[in-house]
Amino acid sequence: MSHGKHFTLYSHDTGPNGWKVAMVLEELGLTYDTKYLNFSKGEQKAPEHTQLNPNGRVPTLVDHKNNDFVVWESNAIMTYLVEKYDLEHKISVVGFEDKIVQLQWLFFQSSGQGPYFGQAAWFIRFHPEKIPSAIERYQKEIIRVFGVLESVLAQREWLVGGTCTVADISFIPWNVGTFKRGFADYNGFNFEKDFPAVHKWHTALLKRESISKVLAIMDSMDA
């Protein structure tokens with residue numbers, strides 16, 4: 001089957017994880033078509049998608065120039081893209097130890113930031129009843145995660161290798177979504193004052209052309 005673009009990305013219009021992948025594709029100048037699955041219609045669980053991704057979630061990436069190779073889980077996709085296509089190391093590190101540290105931060109993002117930030121958003125905005133203890137628990141976890149990042153970024157500009165990598169990029173959509181969805185009101189939270197190094201890092205990432213381009217598309221779909 002002939003495809004006009006290098007990749008097909010299965011994503012969602014507001015879910016953060018697909019946008020992470022789009023940012024990496026843009027950074028590397030790789031062409032792709034995005035199929036935004038309609039969750040209200042259950043398209044992510046439909047056979048057309050689960051035959052590619054048995055977990056029935058997004059994102060899922062199909063590489064048409066590699067025998068339609070399929071990879072799912074956002075940070076696994078990001079790792080695949082830089083390992084196979086970032087030959088100039090535009091957004092990835094070179095040495096073995098640095099690669100492990102890069103992977104370490106990707107694991108922290110997927111196990112630490114994503115679930116806690118996501119649960120905070122759920123209990124603040126979507127849960128059918130307000131449960132203050134649950135909201136507080138996950139808001140405190142957001143503060144904890146920012147504290148981990150602050151402790152590192154106060155000492156260096158980027159998470160690994162002295163340059164922007166997929167490790168840094170992986171945090172952006174969840175940060176942006178959290179600020180848009182009400183967390184800024186938590187106990188007088190002031191991002192710039194409370195976590196100055198994280199704020200500086202986050203701001204620098206937002207200024208990257210590929211990231212600002214993808215965020216503009218995300219904002220247009222979440223208006």
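Heavy atoms only: backbone and side chains are in, while hydrogens, waters and symmetry mates are out.
The closest side-chain heavy-atom distance from Trp105 to Val166 is not below 4.5 Å. The closest side-chain heavy-atom distance from Phe39 to Leu37 is below 4.5 Å. Between Val176 and Trp19, every side-chain heavy-atom pair lies at or beyond the 4.5 Å cut-off. With a 4.5 Å cut-off on side-chain heavy atoms, Glu150 and Pro196 count as touching. Side-chain contact between Lys84 and Asn66: present, with at least one pair of heavy atoms (C-beta onward) separated by less than 4.5 Å. At a threshold of 4.5 Å between non-hydrogen side-chain atoms, the residues Phe69 and Leu61 do not count as touching. Looking only at side-chain heavy atoms (C-beta outward), Ile143 and Gln139 stay at 4.5 Å or farther from each other. Counting heavy atoms from C-beta outward, Trp201 and Val198 have side chains that approach closer than 4.5 Å.
In terms of modelled atom types and a separation under 3.5 Å, the side chain of Ser92 and the main chain of His89 share no donor-acceptor contact. Side chain of Asn190 to backbone of Asp194: no donor-acceptor contact under 3.5 angstrom is found. A side-chain donor-acceptor contact under 3.5 Å links Arg156 to the backbone of Leu159. Judged purely by atom type and a 3.5 angstrom limit, Gln102 uses its side chain to pair as donor or acceptor with the backbone of Val93. No donor-acceptor distance shorter than 3.5 angstrom exists from the side chain of Asp168 to the backbone of Trp158, with no hydrogens or angles considered. Distance alone, capped at 3.5 Å, places no donor-acceptor pair between the Glu141 side chain and the Arg137 backbone.
A salt bridge links Arg208 with Glu27: the closest approach of a Lys/Arg side-chain nitrogen to an acidic carboxylate oxygen falls below 4.0 angstrom. Using a cutoff of 4.0 Å between basic side-chain nitrogens and carboxylate oxygens, Lys213 and Glu26 are scored as salt-bridged.
Counting heavy atoms of neighbouring residues, nucleotides and ligands inside a 6.0 Å radius, atom CD of Glu192 does not exceed 12 of them. Taking a 6.0 Å sphere around CZ of Arg57, one finds it holds 12 or fewer heavy atoms contributed by other residues, nucleotides or ligands. Heavy atoms from other residues, nucleotides or ligands lying under 6.0 Å from NZ of Lys193 number 12 at most. Within a 6.0 Å radius of CD in Glu88, other residues, nucleotides and ligands contribute 12 heavy atoms or fewer.
For Thr8 and Asp33, the side-chain atoms include no donor-acceptor pair closer than 3.5 Å. Side-chain atoms of Tyr10 and Gln44 include no donor-acceptor pair closer than 3.5 Å. Looking only at atom types and distance, the side chain of Glu73 has no donor-acceptor partner in the side chain of Asn17 under 3.5 Å away. Side chains of Asn55 and Trp72: no donor on one and acceptor on the other come within 3.5 Å. Side-chain atoms of Tyr85 and Asp63 include a donor-acceptor pair closer than 3.5 Å.
Atom CG of residue Leu30 and atom CG of residue Leu81 lie 6.5 Å apart, to the nearest 0.5 angstrom. With rounding to the nearest 0.5 angstrom, the CG atom of Asn175 is 9.0 Å from the CD atom of Gln109. Note that NZ of Lys45 is 8.5 Å distant from CG of Asn53, once rounded to the nearest 0.5 Å. Atoms CD1 and OG1, from Ile91 and Thr165 in turn, are 8.0 Å apart once rounded to the nearest 0.5 Å. In this structure, CD on Glu48 lies 9.5 Å from CG on Leu52, to the nearest 0.5 angstrom. Distance check: Phe108 CZ to Ser170 OG gives 10.0 Å after rounding to the nearest 0.5 Å.
The two atoms that bring Glu43 and His49 nearest to each other are O-CB, 3.7 Å, heavy atoms only. Across Ala154 and Ala197, no two heavy atoms sit closer than the pair N-CB, 3.6 Å. Of all heavy-atom pairs spanning Leu205 and Ile211, the tightest one is O-CD1, 3.4 Å. Closest heavy-atom contact between Gly15 and His12: N-ND1, 3.1 Å. Contact between Ala167 and Val160 at its shortest, heavy atoms only, is CB-CG1, 4.3 Å. Counting all heavy atoms, side chain and backbone alike, Pro59 lies closest to Gly18 at CB-CA, 3.9 Å.
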> Hey, mind stepping through Met23 and Leu215 against side chain to side chain contact (heavy atoms under 4.5 Å, CB included) and telling me if it holds?
Replying inline: CA-CA 9 Å; Met23 289 172 182; Leu215 288 176; 3.6 Å; yes
>> Evaluate Phe171 against His202 for ring-ring contact (aromatic ring centres under 6.0 Å, His included), listing each step before the verdict.
In response: CA-CA 9 Å; Phe171 286 87; His202 179 76; over 10 Å; no
>> Test side chain to side chain contact (heavy atoms under 4.5 Å, CB included) on Ile172 and Lys20; report intermediate values, then the result.
In response: CA-CA 7 Å; Ile172 283 293; Lys20 293 191 293 183; over 6 Å; no
>> side chain to side chain contact (heavy atoms under 4.5 Å, CB included) for Ser11 and Val21? Distances and angles first, verdict last.
In response: CA-CA 9 Å; Ser11 189; Val21 175; over 6 Å; no
>> One pair to check against side chain to side chain contact (heavy atoms under 4.5 Å, CB included): Leu25 and Phe7. What are the steps and the verdict?
In response: CA-CA 9 Å; Leu25 290 165; Phe7 299 93; 3.8 Å; yes
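Val24 and Val101 fall within a single hydrophobic cluster, where Ile, Leu, Val, Met, Phe, Trp and Tyr are joined by side-chain heavy atoms under 4.5 Å apart, directly or via other members. Hydrophobic clustering keeps Val58 apart from Met221 (ILVMFWY residues linked when any side-chain heavy atoms are closer than 4.5 Å, directly or through intermediates). Residues Tyr80 and Val70 are members of separate hydrophobic clusters, defined by side-chain heavy-atom contacts under 4.5 angstrom among Ile, Leu, Val, Met, Phe, Trp and Tyr. Residue Val148 is grouped with residue Ile142 when hydrophobic side chains (ILVMFWY) are merged at heavy-atom distances under 4.5 angstrom, including chains of intermediate members.
The distance between the ring centers of His6 and Tyr32 does not fall below 6.0 angstrom.
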